[in-house]
Structure formats: structure tokens, C-alpha cells
Amino acid sequence: MSFNIAVAGKGGSGKTSIASIIIRYLKNSGLGPILAVDADPNANLGESLGFDIKQTVGLMLDDFQKDKIKIPPGMTKEAYLDYKLNEVIVESKGIDLVTMGRGEGPECYCYPNLMLKKFADTLSGNYPYMVMDNEAGMEHLSRRTTQGVDELLLISDHSVKGVRTIARIRDLVADLKLSVKRQSVIINFVPAKLDPLVSDELKKLGISLTATIPLDEELYQYDLKLKPLLDLPDTSKAVMAVNALMTKLLRPEKVQTKRG
């Protein structure tokens, strides 16, 4: 059974960077293999991890719609789509990546999407951990992309607007009755200390803060130079903060896994 971690929040809050450092933590802690899922149509998790992405699920579905009449004789539609879906997986040592991407065609994806959900469910069962980087805002939640999540990390930048966004996501999770076992609130890009305006907004909205991630010049330079965040040193401020967060969040799960 896979332990599913998803990140959500306002655009520009650093969700992809945090997802990448979480994957770094899991890999370096020997908790792999890890399934990384980039569920953002503006896909960039692969770049952050240093992977070369040649195909996405969205483009594959477009191709499937165009080529489905060319299914080889003796092969069912389900088997053909499953074969095509497996071509989307980018494999590396300890980490496999599936990039959702964005389709370009006008065709209806009703049947392929049903198969995609089945494929994702099957895939996740092969990995101890799945980390999903979601698109900005709340659209993925309304589509129930994050159904069946063990740890939903609500990421805000160091702003009142960001805090209000995660409050709306929290409320939407409740309204849709999504299967989310636990939610944790993270404020990213924090300078020396949390601004009183941000602290007051958290209190006003009844939000308990789980952790803060400091501004990190080293992380900024890695992003600027397109260097894989998996290669960030242990001394990185962001790495140390995320490592401490994940150790705190996963400690009971690790103990349970070892006992099992």
C-alpha cells in the first residue's frame, strides 16, 4: 500500500520545489522507490528533478484518440492503452516520474480517463511512496485528483493572499468530502521570522501552522541555473527545513512500516 503525499496551494508558492525536496528526502532516506506524479498542466517537476521528459499523459491521450483505430489485431483497447501509458513513465534509480501534461486535441477523454485512473491506482501499489505535485489553485481538487491522500501539504508563500488560498482549499476538501487523512500547512519563503500580518491571518482563519520553510539563496540559484534539486547539499536551509518536517510527519508511518 502506497503512502500518498500531495502538495497544493497558491501559484508561485514553491510547491514544485518543496515536492522535489520531499522526493530527495525519501530517496536519501532509503524509502524508495518513489513514484513522482506531476499533475500540473504547466509541468516542471521533471525539470526540478533533472529528468528529460519526452512524453506526457495528455499528449499520449491525444495520440490514443487519433490512433485508436490502429490497435494491433488481437490486442484489446484496454491492453493497448495500458501499453501506451507505460511509455509515459520516466524511470531512474529510486524514482519514477509520470507527467500528466496538457492535451492538445478537442476529443472526449471519458474512456481514456477511466483507464488512466485505473493505471494510476495500479502504479501506486508498486511504490512505498507517491508524491504528487498539483496545479495552482483548487481545480485539481474539484476534479478529485487528490482522492485517497495520506498527507496533503497546503503550501503558502509568505503572504496573506497565500494563507487565504490554503483556507479555501481546506474548506473545499471538507465540502467535497475528499479522502484526505491529514492536512499540514506550510509557509514557504519565510525571512528571519513570520510577519505578524501572516500570523494574524492564520489565527483569524483558524489555521494551525505545521512548519515554515526559510528563504534559501542556494535553492534560488539551483532553480535559476536549472540544476536538479535532488543535488542540493544537506546544508541548504530549505533542505534542512523540509527534512525536519518529513521526519516529523512520517515518524509514525515509518514505525508502522518497520513493524509490519
Side-chain angles (χ1 to χ4, degrees), residues 5-40 42-53 90 92-97 99 129-136 151-163 165-166 184-199 202 209-251 254:
I5 301 168
V7 297
K10 176 177 168 289
S13 60
K15 297 184 304 297
T16 299
S17 295
I18 289 177
S20 299
I21 299 174
I22 289 171
I23 292 167
R24 177 192 183 281
Y25 169 86
L26 295 172
K27 181 176 184 291
N28 291 353
S29 299
L31 298 175
I34 303 131
L35 177 63
V37 178
D38 190 344
D40 190 340
N42 181 25
N44 52 31
L45 180 60
E47 287 185 348
S48 291
L49 296 174
F51 290 3
D52 184 19
I53 308 301
V90 177
S92 71
K93 187 175 181 180
I95 305 168
D96 291 346
L97 172 68
T99 302
Y129 289 89
M130 180 175 74
V131 179
M132 179 183 290
D133 181 21
N134 289 290
E135 63 187 288
E151 190 71 56
L152 177 60
L153 303 182
L154 302 178
I155 313 297
S156 170
D157 57 8
H158 190 236
S159 73
V160 171
K161 287 182 179 179
V163 171
T165 297
I166 61 176
S184 298
V185 173
I186 317 298
I187 306 295
N188 199 15
F189 308 132
V190 177
K193 61 179 181 177
L194 208 61
D195 190 281
L197 290 174
V198 175
S199 298
L202 288 166
L209 182 61
T210 304
T212 61
I213 310 297
L215 277 169
D216 187 342
E217 175 65 23
E218 203 158 19
L219 172 58
Y220 171 76
Q221 289 297 325
Y222 267 64
D223 267 338
L224 183 65
K225 298 172 183 176
L226 295 179
K227 296 172 66 175
L229 300 190
L230 295 175
D231 295 339
L232 276 166
D234 292 337
T235 52
S236 156
K237 293 179 182 179
V239 164
M240 289 191 289
V242 171
N243 285 358
L245 168 67
M246 297 312 295
T247 300
K248 173 185 175 182
L249 294 180
L250 296 183
R251 185 179 296 119
K254 283 183 185 179

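Residues Val90 and Asp96 fail the side-chain proximity criterion, which asks for heavy atoms closer than 4.5 Å. Using a 4.5 Å cut-off on side-chain heavy atoms (C-beta onward), Ile53 and Leu45 make no contact. Asn28 is not listed as a side-chain neighbour of Leu230, based on a closest heavy-atom distance of 4.5 Å or more. For the pair Asp133/Val37, no side-chain contact is recorded, criterion being any heavy-atom separation below 4.5 Å from C-beta on. Counting only heavy atoms from C-beta outward, the side chains of Val190 and Ile213 never approach each other to under 4.5 Å. The side-chain heavy atoms of Glu151 and Leu249, taken from C-beta on, include a pair separated by under 4.5 Å. By the 4.5 Å heavy-atom criterion applied to side chains, Asp216 and Phe189 are not counted as neighbours. Put simply, the side chain of Thr247 reaches to within 4.5 Å of the side chain of Tyr25, judged on heavy atoms.
Side-chain N or O atoms of Thr210 include none that pairs as donor or acceptor with a backbone N or O of Ser184 at under 3.5 Å. With hydrogens and angles ignored, the 3.5 Å screen pairs a side-chain donor or acceptor of Asn134 with a backbone N or O of Val7. Side-chain N or O atoms of Arg24 include none that pairs as donor or acceptor with a backbone N or O of Asp231 at under 3.5 Å. A donor-acceptor pair is defined here as one N or O able to donate and one able to accept, closer than 3.5 Å; such a pair exists between the side chain of Ser13 and the backbone of Lys10. The closest donor-acceptor contact from the side chain of Asn188 to the backbone of Asp157 lies at 3.5 Å or more, if one exists at all.
When all heavy atoms of Ala36 and Ile23 are compared, the closest pair comes out as CB-CD1, 3.7 Å. Ala43 and Thr99 make their closest contact through CB-CG2, 3.5 Å (heavy atoms, listed as atom of the first residue, atom of the second, distance). When all heavy atoms of Leu152 and Ala8 are compared, the pair lying nearest together is CD1-CB, 4.2 Å.
With rounding to the nearest 0.5 Å, the separation of CE in Met246 from CG in Leu153 is 6.5 Å. In this structure, OG on Ser199 lies 8.0 Å from CG on Leu209, to the nearest 0.5 angstrom. The OG atom of Ser20 sits 12.0 Å away from atom NZ of Lys15, with the distance rounded to the nearest 0.5 Å. Atoms CG and CD1, from Leu154 and Ile186 in turn, are 8.5 Å apart once rounded to the nearest 0.5 Å. Taken from CD1 in Ile155 to CD1 in Ile18, the straight-line distance is 4.0 Å, to the nearest 0.5 Å. Taking CD1 of Ile21 as the start and CG of Leu245 as the end, the distance is 11.0 Å to the nearest 0.5 Å.
Judged purely by distance below 3.5 Å, without hydrogens or angles, the side chains of Thr16 and Asn44 pair a donor atom with an acceptor atom.
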Decide side-chain contact (heavy atoms from CB on, under 4.5 Å) for Ile5 and Met132; before the verdict, give the C-alpha distance in whole Å, the side-chain angles of both, and the deciding distance to 0.1 Å.
CA-CA 6 Å; Ile5 301 168; Met132 179 183 290; over 6 Å; no

Show, in sequence, the C-alpha distance, side-chain angles and deciding distance for Met130 and Ile34, and conclude whether the side-chain contact (heavy atoms from CB on, under 4.5 Å) test is met.
CA-CA 6 Å; Met130 180 175 74; Ile34 303 131; over 6 Å; no

Under the side-chain contact (heavy atoms from CB on, under 4.5 Å) criterion, do Asp195 and His158 qualify, and how do the steps go?
CA-CA 8 Å; Asp195 190 281; His158 190 236; 3.5 Å; yes

Quick one, Glu218 with Val239, criterion side-chain contact (heavy atoms from CB on, under 4.5 Å). Give me CA distance, side-chain angles, the key distance, then yes/no.
CA-CA 10 Å; Glu218 203 158 19; Val239 164; over 6 Å; no

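Under the side chain to side chain donor-acceptor pair (under 3.5 Å) criterion, the residue pairs touching residues 221-230 are Ser17-Asp223, Glu217-Gln221, with sequence neighbours excluded.
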